[in-house]
S.K.: 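Can you keep this structure in mind? I'll have questions shortly.
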Protein chains: 2
Amino acid sequence: MELDETDRQILRILQENARTTFSEVARRIDMSSATVHDRVGRLEDAGVIEGYHAKVDPKAIDLGISAIIGLRVEQGREQDTLERLQDIAGVQEVHLTTGEWDVMARVYAGDADALRELMFDRIAQMDGFARSQTMVILGTPHESEELPIAEE
Amino acid sequence: MELDETDRQILRILQENARTTFSEVARRIDMSSATVHDRVGRLEDAGVIEGYHAKVDPKAIDLGISAIIGLRVEQGREQDTLERLQDIAGVQEVHLTTGEWDVMARVYAGDADALRELMFDRIAQMDGFARSQTMVILGTPHESEELPIAEE
DNA sequence: TCTGAAACCATCACCTG
DNA sequence: CAGGTGATGGTTTCAGA
């Protein structure tokens, strides 16, 4: 789908605040809310907008620790292993990567104990698991939910 | 802030779809929309809800490549280096980590050329930069925007 | 936490250039 | 065919209980 500058403006606004009303968006980009409604519908249907999500502070819901895990899996078992991995609660992201690790995963857990359990009792026990390295996140100085949207 | 089960239900709904109307939330949790309005306001004020963001498909906005970068920085220069790093366009997340790397960053770029430029001309040129390893993301079989919210 | 009411918004059928 | 108008029914928001 080809995005014009109007679509991009709409995306920038909704990336920044997904609850902005269509009529507010319309005001800002100087169009009618019917047009905004149309365009947003098309952006959703085309898969350009994949969803709208409230960002919740992990600490507030008792997720006190997070880590990035590099994983090596046995050759030929990738598919299998991945499916198991992404079904484990707390596994938030699973990426296939070049370099030292086959898979990089981002996980959340309640505390160090829960993280150890997640690692040793669940991830390390998966069929196809070869080895891993856990990088505990000590802090996140920067985390943006907004991608840079270039002008047309 | 202490969250009761009602707060948690509201958070689950808004994590899944941030544009759910308060009256729809109210229907689902069997309360009035005024109450939902009140509670969401309190959750926002307390910082439990940090924002609402449309998730945009990176490919649709010409961000064709993403990578995870492990970085080592010179001791004593961490603060400085971090500030520079997070101001570079395309740097989406910056985490301080234990283990092999001091910093793990998630970056987006238009294509391999742009990623190389980002790495060599911007990141590797930062004061305090020591060394890095780039793990190009070949695919993301799983990426959730929703944290698991345990029952009270 | 709710009720009620005014202002506001989403949505849609139907125009307009 | 993208964009606008106008009607209507739903939603937000706030005061007051």
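Fair warning: this is a prediction, and the values are worked out from it, not measured in the lab. Here is the naming used below: chain letters follow the sequence lines, and residue numbers restart at 1 for every chain.
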S.K.: Using a heavy-atom cut-off of under 4.0 Å over every strand shown, decide if R39(B) touches base, sugar-phosphate, or nothing.
M.R.: sugar-phosphate
S.K.: Taking side chain as C-beta onward, heavy atoms only, is L14(A) less than 4.5 Å from E16(A)?
M.R.: no
S.K.: R106(A) and I137(A): which non-hydrogen atoms are nearest, and at how many Å?
M.R.: NE-CD1, 3.5 Å
S.K.: Check whether any side-chain N or O of T35(B) sits under 4.0 Å from OP1 or OP2 of dT1(C), and answer yes or no.
M.R.: no
S.K.: Using side-chain heavy atoms (C-beta onward) and a distance below 4.5 Å, is M126(B) in contact with V73(B)?
M.R.: no
S.K.: Do R8(A) and E5(A) have side chains that get closer than 4.5 Å, going by heavy atoms?
M.R.: yes
S.K.: Quick one: does I68(A)'s side chain get under 4.5 Å of H95(B)'s, heavy atoms only?
M.R.: yes
S.K.: Are any of the side-chain heavy atoms of I69(A) and M135(A) separated by less than 4.5 Å?
M.R.: no
S.K.: Mind grabbing the angle between the end helix axes of the helix from dT1(C)-dA17(D) to dG17(C)-dC1(D)? Five pairs an end, 10° rounding.
M.R.: 30°
S.K.: So how far is it from I65(A) CD1 to L115(A) CG, rounded to the nearest 0.5 Å?
M.R.: 5.0 Å
S.K.: Rounded to the Å, how far apart are R27(A) CZ and dG3(D) P?
M.R.: 19 Å
S.K.: Write down the distance between CD (E44(A)) and C1' (dA10(C)), rounded to a whole number of angstrom.
M.R.: 13 Å
S.K.: Which atoms of nucleotides 15-17 of chain C (N or O only) lie under 3.5 Å from a protein N or O atom, and what are those distances?
M.R.:
none

S.K.: For a 4.5 angstrom cut-off between non-hydrogen side-chain atoms, does H53(B) reach E146(A)?
M.R.: yes
S.K.: Pairs under 3.5 angstrom, nitrogen or oxygen only, protein versus nucleotides 12-14 of chain D, please.
M.R.:
from, atom 1, to, atom 2, distance (Å)
dT12(D), OP1, F22(B), N, 3.2
dT12(D), OP2, F22(B), N, 2.9
dT12(D), OP2, S23(B), N, 3.0
dT13(D), OP2, H37(B), NE2, 3.2
dT13(D), O5', H37(B), NE2, 3.4

S.K.: Is D7(B) close to L43(B) at the side-chain level, that is, under 4.5 Å between some pair of heavy atoms?
M.R.: yes
S.K.: What is the distance from atom OH of Y52(A) to atom NZ of K55(B), rounded to the nearest 0.5 Å?
M.R.: 13.0 Å
